[in-house]
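Numbers here are sequence positions counted from 1.
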Amino acid sequence: MSKVLIVGCGGVGSVAAHKCAQNSEVFDEICIVSRNLKKCDELKNKITGRTSAKISTAEVDANNVDALAKLIENFKPDIVMNLALPYQDLKIMRACLLTKTNYLDTANYESEDSAKFEYKEQWAFDDAFKKAGITAVLGCGFDPGVSGIFTAYALKHHFDEIETLDILDCNAGDHGYPFATNFNPEINIREVTAKGCYFENGKFVETEPMEIKRVYDFPEIGEKDMYLLHHEELESLAKNIPGIKRIRFFMTFGQSYLTHLKCLENIGMTSIKPIDFNGQKIVPLQFLKAVLPDPASLGSRTVGKTNIGCIICGKKSDKPVNYYVYNVCDHRECFREVGSQAISYTTGVPAMIGASMLATGKWNLKGVRNVEEFDPDPFMDALNKFGLPWKETFSPVLVE
Ligand code: NDP
């Protein structure tokens, strides 16, 4: 039996809290915290009565390391799940270190004033976490997260060596708005307006934003336009998958989303540079976030499916192997189960599973780790059990 502290009760935090509560054999106490106690209490009320786990809430600003460490000292969780924003990663890791508590997140650190994400600041905690005898699991959502687990599973069971990996993220959901984002708008827009990047022959190659486009016929969805993006798991998989020659990440976008985004970019609304407005400093992107629909509110209006997976090519016993492993998730079914759309669902479920791997000792490496460093098998079983079943084929259509 174990205790989990969930920081953040937005789209992803809400799904993770529901799923921890469903897994009360592992989690018998759940504490949900954010800066807004009312929101945490509303979430608690939705879950209470549907689980034997004890649920509590608290208000904390995770940017205040001492306040968070005090809360951790009082509640004594086995794991802190960081489902707030990437800006808080280092602060929450510091609080975990102070209190010798395991840590897990779903997105790597980014500072608020530069739209650049990389692992180096979090990997720098490795020695300290090892000395403290605790674990930090980085990037345990779907992508990053399940994308790394799929790759580790493929390497363990189907390949002697992996040559190329394409991660394909398709969201064919329709929420009926001309423009909205499926997770935190600020983080989402920072990610998709950044330069693209792929890994090839030991180097990261930069592209212009949305410069590389492909069309792919996704199983259970159909043909969609997808664009090459920089994504954080490129960095960890290039380090952790021995001998890999190429890694690319593609995400689908509809024409309405791209047209709106271009227009917002052209008029300066996606900028993260503060401007003066009526004697006050405001960040245009933060203002845009305030007028866009809250991703947590999209669940009731979103129809359609997501398909996220990995196409992996390489060799087994000197013979070429092509392998595609993916999950298809239905927005309406997620809403029926936990009141959220599939993007929050496909992130919150793996976060809960990662926490349960630590809580049950199935994952027991110490230090700061990315998901592909752990045994993928119990995680793959748990995906099937907790709502994200996966499918595989050895004859996929490859991405050119
Ligand atoms: P939301 O904006 O919906 O939720 C963020 C939550 O964090 C809110 O509850 C907010 O509450 C809380 N929060 C923000 N700042 C603080 C703070 N200083 N202290 C305490 N709590 C804080 O975001 P999402 O749920 O959509 O996304 C959550 C995370 O998941 C993000 O990091 C995102 O990048 C990541 N993600 C990862 C994916 C993956 O596949 N790996 C996919 C999708 C998202 P309040 O403001 O009230 O404090």
Practice item. For a ring pair (Phe, Tyr, Trp, His ring centres under 6.0 Å) with F379, tell me which candidate from W363, W390, F386 qualifies. Key: W363
Minimum-distance pair of heavy atoms, taken over all atoms of [X] and [Y]:
X	Y	value
Q341	C334	C-CB, 4.2 Å
A53	I30	CB-CD1, 4.0 Å
L155	D160	CD1-O, 4.2 Å
L71	A58	CD1-CB, 3.6 Å
I343	H331	N-CE1, 4.2 Å
F199	I244	CE2-O, 3.6 Å

Within-4.5 Å side-chain heavy-atom neighbours: [X] and [Y]:
X	Y	value
I92	V7	yes
F142	L388	yes
M210	V192	yes
T151	L237	yes
K245	N201	yes
D143	T346	no
M357	V137	no
K116	E110	no

Mind checking the [atom1]-[atom2] spacing from [X] to [Y]? Nearest 0.5 Å is all I need.
X	Y	atom1	atom2	value
E200	R246	CD	CZ	6.5 Å
K156	M380	NZ	CE	11.0 Å
H230	F117	NE2	CZ	4.5 Å
L288	T181	CG	OG1	8.5 Å
N327	E220	CG	CD	9.0 Å
S2	D28	OG	CG	6.5 Å

Taking atom [atom1] of [X] as the centre, does the number of heavy atoms from other residues, nucleotides or ligands within less than 6.0 Å exceed 12?
X	atom1	answer
K100	NZ	no
F394	CZ	yes
K316	NZ	yes
E25	CD	no
K46	NZ	no
K366	NZ	yes
K130	NZ	yes

**Study point:** Test salt bridge (charged side-chain N to carboxylate O under 4.0 Å, His left out) applied to K38 - qualifying residues, sequence neighbours left out
**Key:** E42
**Study point:** K3 NZ/CZ over F75 ring centroid, <6.0 Å and within 45° of normal
**Key:** yes
Would you be so kind as to tabulate the donor-acceptor pairs closer than 3.5 Å made by side chains of residues 280-287, with sequence neighbours excluded?
residue, atom, partner, partner atom, Å
K281, NZ, D276, OD1, 3.3

Review point. With respect to S147, which candidate in E372, H231, E233 satisfies the side chain to side chain donor-acceptor pair (under 3.5 Å) definition?
Key: E233
Study note, to complete from the structure: The side chain to side chain donor-acceptor pair (under 3.5 Å) partner of Q122 among N108, D105, N370 is D105
Test item: side-chain donor near acceptor, [X] and [Y], under 3.5 Å:
X	Y	result
H175	N182	no
E186	Y87	yes
K120	Y109	no

Review point. Would the F179 and Y257 ring centres measure less than 6.0 Å apart?
Key: yes
Exercise for review: State plainly whether the residues D127 and K131 are in salt-bridge range, i.e. N to O under 4.0 Å.
Suggested key: no
